[in-house]
Amino acid sequence: MNAIDRAVVADLTEAERTRILAKTARFAPPPAVLADGRRELVGLSRDELAAVLADVGEAAFRAKQVWHWIYHQGATDFTKMSTIAKPTQAKLAEHFVIGRPEAAVVQTSTDNTRKFLFRFRDGQEAETVYIPEEDRGAVCISSQVGCTLSCRFCHTGTQTLVRNLGAAEIVGQFMGARDSYGEWPSPRGESPRLLSNIVLMGMGEPLYNYENVAKAMRIVMDGEGIGISRRRITLSTSGVVPMMDRAGEELGVNLAVSLHAVRDDLRDEIVPLNRKYPIKDLMAACRRYPAASNARRITFEYIMLKGINDTPEDARELVRLITGLPAKVNLIPFNPWPGSPYETSTSAAINKFSNIVMDAGFSSPVRAPRGRDILAACGQLRTESQRTRA
Ligand code: SAH
Ligand code: SF4
C-alpha cells in the first residue's frame, strides 16, 4: 500500500470506529448512583476518583488511600479503612458506596469451575466463570448483557443485546469472584495463586463495548490495586477489525480471535460479523496487532463442529492463514446447549486436525471443556435478562 492508500484506510477505520462507538452509546449502562444519591466508587478512573473526593473537600492524597482500600484490600465498608480518621470515614459513607454486583446464583462444577450469576443494580444479569488450574486460575468476564452478534454455535448469541456493562460492573465481576475465594488483599510481588488471570471471554463482544472494557482493564492493571499485568489478560473478539488496533495500542493485552472457519462462505454463516469484516481484513488486523510477539502470541480460537469445519483441508487452510504470524491455535470442542444446532467433532477428527496444525509448527492444544455440567463452558452462558423499551 502506498502512503495515500494507507491514509484513506486510516480515515475509513477512524470513521468506522466513531460509528461503532456512537452505536454502543445507545446501550449504555445506567449511571452508577444509588436511589439515595450516593455514588459508586468502583469503576472510576484514578482521576475521576480524585475529582469526586475533591468535590466533598478531600485532598488528593485521599484518593490514593481510598484506591488502596478498594482495590488492594478489597474493602467494601468505609469503617474498615483504618488509616482514615473516623469522621472522614463517616463523611465518605454519606456520599459514596463501594459496591459489588449481587451474586444471585453461585454454582460449582464437579471439576471445581465456579459460575456466578451476577445481578446489577437495575436487575439485569450476566454470568462470570472462575476456572481454577493447579497453581493459578482465570476469571472469565462478561462485557455485555447478551450480544448483538449471533454466532450460530453460541448460546449468548441467542440472547439479543440488552445493554453494555459499565466499568464498575466489569471490574465488579472480578472483585465479586475474588470475594468468593477470599483472595484479598491483592497479592503483591508474587502473582496471585487463585485469581491470577483474566479472560474477556464471557457474554458479549468486548470490542463493541470498548470504552467500558478499556476503563475496567486499566483499573485491574493498576499496580497499586489489583495489579494484574497485561500479560495475564486476554481479550477475545469475534473480529471487530477497526477496534483491534486501538485495543492493542492502548491496552496491550493478549489477543484471542474467534476464527472458527477458514473460508468466507462458511464464516459468513457461522460468525455473521464476517460479512462486514471478512477473513482477509481480520488477518491483516492480526498482522498489525501491536501487542503480539513471539513471546505473546495471538490465540486463534477454533471451535470443532462435526462435519462443518473439521476436515484436514480446513486444518491446512488454517495453517496457510496464520503462517508468518506469532500464533497459537486453541481447538475448542463444541459445547452443546439446550436447542443447539451442532454436534462436537469426533476425537479422531480433532486429533487429526490438531496434528496437522502442530506439524506446521504451531502449538495447537485441544481445550478440555470445563464446567459443562453447570453450563459454564465456552459459549454456554446466557441469562434471562431482556431489553426493556427505552
Ligand atoms: N464475543 C467474543 C468473546 C466471547 S469468547 C468472541 O466471540 O470472541 C467465547 C469463546 O467461546 C469464543 O471463541 C466463542 O466463539 C466460543 N464459543 C461460543 N460458543 C461456543 C460453543 N457452543 N462451544 C464452544 N465454544 C464456543
Ligand atoms: Fe457474541 Fe462471541 Fe457469542 Fe459470537 S461467540 S454471539 S460474538 S459472545
Side-chain angles (χ1 to χ4, degrees), residues 24 27-30 32 42-43 99-107 109 113-131 137-151 153-180 195 197-217 219-220 226 228 233-238 240 243 247 251 253 256 258 273 301 332 335 337 370-371 374-387:
T24 51
F27 294 94
V42 174
R100 293 283 193 271
E102 175 199 351
V105 183
V106 181
Q107 292 165 280
S109 156
T113 298
R114 188 171 292 178
K115 183 168 83 166
F116 302 85
L117 175 71
F118 280 122
R119 187 170 298 146
F120 304 104
R121 289 225 171 82
D122 63 351
Q124 302 295 11
E125 297 171 331
E127 293 187 312
T128 305
V129 181
Y130 173 67
I131 309 139
V139 188
C140 177
I141 289 181
S142 291
S143 54
Q144 300 182 305
V145 179
C147 189
T148 42
L149 305 168
S150 8
C151 303
F153 42 77
C154 175
H155 202 195
T156 309
T158 65
Q159 180 181 7
T160 49
L161 179 66
V162 176
R163 66 168 176 82
N164 283 326
L165 292 175
E169 296 166 331
I170 296 170
V171 180
Q173 294 172 62
F174 179 86
M175 298 173 88
R178 183 166 262 179
D179 291 345
S180 173
L195 283 67
N197 291 54
I198 290 179
V199 293
L200 284 155
M201 295 189 180
M203 298 169 60
E205 169 49 59
L207 294 185
Y208 273 155
N209 183 20
Y210 179 73
E211 306 283 14
N212 289 309
V213 165
K215 195 170 177 192
M217 291 307 107
I219 293 171
V220 299
I226 293 171
I228 297 208
I233 300 176
T234 302
L235 182 149
S236 175
T237 181
S238 54
V240 185
M243 302 307 293
L251 302 175
V253 295
S258 296
L273 184 66
E301 296 161 282
I332 318 177
N335 293 309
W337 35 271
R370 299 289 303 268
I374 53 166
L375 283 184
C378 296
Q380 293 186 313
L381 307 183
R382 192 184 193 283
T383 65
E384 295 304 319
S385 293
Q386 286 177 5
R387 185 157 171 80

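Not measured: the values here are computed from a predicted model.
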So, taking the atom named [atom1] in [X] and the one named [atom2] in [Y], what distance separates them when rounded to the nearest 0.5 Å?
X      : Y      : atom1 : atom2 : value
Ile332 : Glu301 : CD1   : CD    : 4.5 Å
Glu384 : Leu117 : CD    : CG    : 9.5 Å
Met201 : Ser142 : CE    : OG    : 12.5 Å
Tyr208 : Leu149 : OH    : CG    : 5.5 Å
Arg370 : Thr113 : CZ    : OG1   : 4.0 Å
Gln144 : Arg163 : CD    : CZ    : 11.0 Å

[X] versus [Y], closest heavy-atom pair with distance:
X      : Y      : value
Asn335 : Cys378 : ND2-O, 3.1 Å
Met203 : Gly146 : CE-N, 3.5 Å
Ala167 : Ala216 : O-CB, 3.9 Å
Ser236 : Pro206 : O-CG, 3.1 Å
Leu381 : Ala376 : CD2-CA, 4.0 Å
Ser258 : Ser238 : CB-CA, 4.0 Å

Between [X] and [Y] (side chain of the first, backbone of the second, donor and acceptor by atom type, cut-off under 3.5 Å), is there such a pair?
X      : Y      : answer
Lys115 : Gly371 : no
Asn164 : Asn209 : no
Ser385 : Glu125 : yes

| request: Would you indicate whether the side-chain heavy atoms of Pro30 and Arg121 approach each other to under 4.5 Å? | output: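 Of all side-chain heavy-atom pairs linking Pro30 with Arg121, none is under 4.5 Å.
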| request: Only counting residues at least two apart or in another chain, list the ones meeting side-chain hydrogen bond (donor to acceptor under 3.5 Å, both in side chains) with Thr156. | output: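 Thr156 satisfies side-chain hydrogen bond (donor to acceptor under 3.5 Å, both in side chains) with no other residue.
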Answer yes if the side chains of [X] and [Y] hold a donor-acceptor pair under 3.5 Å, and no otherwise.
X      : Y      : value
Thr383 : Gln159 : yes
Glu205 : Thr237 : yes
Gln173 : Thr128 : yes

| task | Any chance you could lay out the side-chain contact (heavy atoms from CB on, under 4.5 Å) test for Leu165 and Asn212, step after step, and finish with the verdict? | result | CA-CA 7 Å; Leu165 292 175; Asn212 289 309; over 6 Å; no
| field | Ala247: partners by side-chain contact (heavy atoms from CB on, under 4.5 Å), with sequence neighbours left out | value | Leu207, Tyr210
| task | Show your working on side-chain contact (heavy atoms from CB on, under 4.5 Å) between Glu127 and Leu375 and close with a plain yes or no. | result | CA-CA 10 Å; Glu127 293 187 312; Leu375 283 184; over 6 Å; no
| Verdict with supporting geometry, Arg387 and Leu161, side-chain contact (heavy atoms from CB on, under 4.5 Å) | CA-CA 7 Å; Arg387 185 157 171 80; Leu161 179 66; over 6 Å; no
| message | With side-chain contact (heavy atoms from CB on, under 4.5 Å) as the criterion, how do Phe174 and Ile219 come out once you've worked through the C-alpha distance, each side chain's angles and the decisive distance to 0.1 Å? | response | CA-CA 11 Å; Phe174 179 86; Ile219 293 171; over 6 Å; no
